[in-house]
There are 2 protein chains.
Amino acid sequence: MTDRKRTAEGDRGGAEGAGPRAKRRRGEELIAAIHRAAMEETAEHGMGRLTMEGIARRAGTAKTSLYRRWSSPEDIVLEALYRVYPMEEPSPGADDLRGDLIASLTLMRDALMDSLHGKVMGALLDESTRRPELHERLYREVFDARGGRFTRTVLLHYAEHGRIDPARLTPVVFDIGEALLLKYGVDSFGIPDDDYIAAIVDQAILPAVGHAPEGPPAG
Amino acid sequence: MTDRKRTAEGDRGGAEGAGPRAKRRRGEELIAAIHRAAMEETAEHGMGRLTMEGIARRAGTAKTSLYRRWSSPEDIVLEALYRVYPMEEPSPGADDLRGDLIASLTLMRDALMDSLHGKVMGALLDESTRRPELHERLYREVFDARGGRFTRTVLLHYAEHGRIDPARLTPVVFDIGEALLLKYGVDSFGIPDDDYIAAIVDQAILPAVGHAPEGPPAG
DNA sequence: ACTATAAGATACGGGACCGTATCTAAGGAA
DNA sequence: TTCCTTAGATACGGTCCCGTATCTTATAGT
């Protein structure tokens with residue numbers, strides 16, 4: 001009730017500050033805007049402060065419209081991450097191990113570590129530390145569902161072609177590249193450049209699989 | 001005001017459920033209880049939901065007592081983490097590189113990855129992703145202030161004694177062990193066992209510094 | 001143009017925290 | 001014992017978010 005008969009009060013609707021309230025969005029367009037808003041909110045405030053009202057505000061829509069489709073902020077982010085996640089499989093050849101490893105880590109960097117995705121992923125990983133179901137969901141719906149294992153794919157490929165001793169391919173070795181990228185992201189937030197990725201390959205992965213480039217170790 | 005003159009109402013004070021409200025704590029004893037409560041709250045709910053009221057509740061004290069000493073929940077956790085952080089320096093000998101590396105990673109595991117500390121650290125690292133000042137503070141007041149660099153210390157030591165080619169010791173190589181422990185913690189939460197640490201050393205670090213154990217690579 | 005559908009605006013009552021003020025009372029020190 | 005410091009209990013007014021209900025209206029489909 002309260003003041004129903006207001007028909008035209010002068011302004012065109014909701015939030016003034018941000019945008020001039022263009023048209024009314026629906027369907028995919030609206031959903032995409034909400035997904036983006038959810039990711040931005042997560043990146044800015046973290047999972048713990050992620051809120052339906054915050055997402056609605058940022059997306060320039062009404063809370064009602066969110067509850068129509070989702071029942072928690074978390075559902076929105078997960079869906080958003082899932083949809084946006086690029087994640088092509090690395091497709092290695094068979095005669096440039098170094099190049100293919102670099103390519104796979106570059107792929108990972110670009111997919112997972114741009115500023116927005118990286119922060120969202122970090123926030124989700126942290127939250128999933130406390131919530132096993134979320135952890136499960138994250139790995140099942142997002143990581144595993146999309147290939148996920150970057151250097152692993154390359155290394156297995158080369159092993160199958162007899163260029164790597166299969167005995168070298170342990171879980172630890174599969175993780176070296178991803179682990180170093182992860183650590184880079186954690187302690188110097190920001191994005192590792194191509195040289196750093198090359199260094200990971202030359203100085204950590206290749207030695208571990210027995211392709212130590214004894215000659216020229218770059219500083 | 002409201003009902004001031006209640007002198008003895010029967011119960012002995014605050015929260016019923018948990019403890020029989022023993023004595024009144026003060027000074028260090030109280031502070032320690034609050035520190036612990038703050039860490040537990042962080043581990044359970046994350047930085048984003050860390051709250052003065054929550055800490056007070058868990059510590060069995062009054063909000064007032066918190067504000068007397070700190071002005072935000074974050075201040076409490078940081079102080080708590082700083083005080084509790086064990087962090088002995090690894091003290092390598094000079095003729096058991098493998099053993100000393102394992103020891104340094106074991107030290108790190110035990111210091112940083114027990115369930116409570118690990119979760120608090122994770123939560124703080126995540127939060128610091130969004131707040132550069134916190135990141136700065138965390139690394140300055142906690143990590144660097146306490147030595148922090150585990151395998152690095154060992155590797156440098158052996159390089160000084162001529163047992164490792166110094167050209168091999170790049171930032172990437174210094175990070176391998178810590179990175180793999182970090183990744184372990186992130187994707188299979190839980191604590192890596194001794195075998196896993198040995199695998200990190202044998203399969204990743206030693207090869208990277210040119211001590212590849214060609215002979216017996218464990219599966 | 002007409003109609004069903006979905007978006008948007010608004011208003012609740014309810015709950016959790018905030019940060020502060022105020023008062024009681026316990027524990028130590030003199 | 002007496003006194004002083006400090007812990008503890010409680011109550012605010014304020015803000016933010018929850019989840020739902022209600023009503024209006026833009027838009028797509030026919």
Side-chain angles (χ1 to χ4, degrees), chain A residues 1-34 37-38 41-42 44-76, chain B residues 1-16 18-34 37-38 41 44-76:
Chain A
M1 323 265 178
T2 338
D3 67 331
R4 40 177 71 178
K5 208 57 108 346
R6 41 191 302 288
T7 324
E9 279 290 27
D11 60 63
R12 289 248 9 225
E16 289 299 71
R21 189 59 49 254
K23 299 288 185 92
R24 181 179 286 191
R25 298 156 301 181
R26 4 172 80 200
E28 280 309 316
E29 184 191 356
L30 176 61
I31 292 179
I34 292 172
E41 283 285 301
T42 305
E44 265 183 39
H45 305 301
M47 286 296 289
R49 294 186 227 274
L50 189 58
T51 194
M52 285 303 222
E53 300 214 334
I55 296 172
R57 232 183 344 259
R58 183 183 294 258
T61 186
K63 240 197 322 180
T64 325
S65 303
L66 300 188
Y67 280 107
R68 217 185 312 269
R69 276 189 244 261
W70 301 276
S71 52
S72 76
E74 183 179 304
D75 288 339
I76 307 182
Chain B
M1 321 274 177
T2 337
D3 67 331
R4 45 177 70 179
K5 206 57 107 343
R6 42 194 300 286
T7 323
E9 280 289 31
D11 60 59
R12 290 246 15 222
E16 289 300 70
R21 190 60 49 253
K23 301 287 185 95
R24 181 179 285 193
R25 299 155 302 183
R26 2 174 82 201
E28 281 307 318
E29 185 192 354
L30 176 62
I31 291 179
I34 293 173
E41 284 285 302
E44 266 184 37
H45 305 302
M47 287 295 291
R49 295 186 226 273
L50 189 58
T51 196
M52 285 302 222
E53 301 213 335
I55 296 172
R57 232 185 342 260
R58 183 183 292 260
T61 187
K63 240 195 324 179
T64 324
S65 302
L66 300 188
Y67 279 106
R68 220 185 310 273
R69 277 187 240 263
W70 300 278
S71 52
S72 76
E74 183 178 305
D75 288 338
I76 307 183

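First the proteins, then the strands, lettered A, B, ... as listed; each starts at 1.
- Protein atom CG of A/L30 is 18 Å distant from nucleotide atom P of C/dT5, rounded to whole Å.
- The distance from the CG atom of B/L50 to the CD1 atom of B/I76 is 7.5 Å, given to the nearest 0.5 Å.
- Between B/R68 and D/dA7 there is a side-chain N or O to OP1 or OP2 distance below 4.0 Å.
- Put simply, B/R57 has a side-chain N or O that comes within less than 4.0 Å of OP1 or OP2 on C/dC17.
- Residue contacts shown for B/G54 are absent, as no nucleic acid heavy atom lies under 4.0 Å away.
- When distances are taken from the side chain of B/R26 to each of C/dC18, D/dA7, C/dT22, the shortest belongs to D/dA7.
- In this model, a side-chain donor or acceptor of B/R24 finds a partner on the base of C/dA25 within 3.5 Å.
- Between the side chain of A/T42 and the backbone N or O of A/A38 there is at least one donor-acceptor pair closer than 3.5 Å.
- Between B/L30 and B/R69, some side-chain heavy-atom pair lies under the 4.5 Å cut-off.
- A close approach under 4.0 Å does occur between a side-chain nitrogen or oxygen of B/T61 and OP1 or OP2 of D/dG8.
- The side chain of A/R69 places an N or O atom within less than 4.0 Å of a non-bridging phosphate oxygen (OP1 or OP2) of C/dA7.
- Taking atom CG of B/L66 as the reference point, atom P of D/dT10 lies 16 Å away to the nearest angstrom.
- The distance from atom CH2 of B/W70 to atom C1' of C/dC18 is 18 Å, rounded to the nearest whole Å.
- A 4.5 Å side-chain heavy-atom check between A/R26 and A/I31 finds every atom pair outside the cut-off.
- For the pair A/Y67 OH and C/dC12 P, the computed distance is 19 Å after rounding to whole Å.
- Across the protein-nucleic acid pair, A/E28 atom CD and C/dA6 atom C1' stand 14 Å apart, rounded to whole Å.
- Listed pair A/S65 / C/dG8 meets the phosphate criterion, a side-chain N or O lying under 4.0 Å from OP1 or OP2.
- Of the listed nucleotides (C/dG19, D/dG8, C/dA11), C/dA11 has the atom at the smallest distance from the side chain of A/K63.
- Checked for salt-bridge contact, A/E44 and A/R58 meet the test: a charged N lies under 4.0 Å from a carboxylate O.
- In this structure, the nucleotide among D/dG8, D/dC18, D/dA26 sitting nearest to the side chain of A/E53 is D/dC18.
- Taking atom CD1 of B/I76 as the reference point, atom P of C/dC18 lies 10 Å away to the nearest angstrom.
- Under 4.0 angstrom from either OP1 or OP2 of D/dT20 there lies no side-chain N or O belonging to A/T64.
- Of the candidates C/dA9, C/dA6, C/dT22, the closest approach to any side-chain atom of A/A62 belongs to C/dA9.
- At whole-Å resolution of the value, CZ in A/R49 and C1' in D/dC17 are 14 Å apart.
- Between the C1' atom of C/dG8 and the CE atom of A/M52 lies a distance of 16 Å, rounded to the nearest Å.
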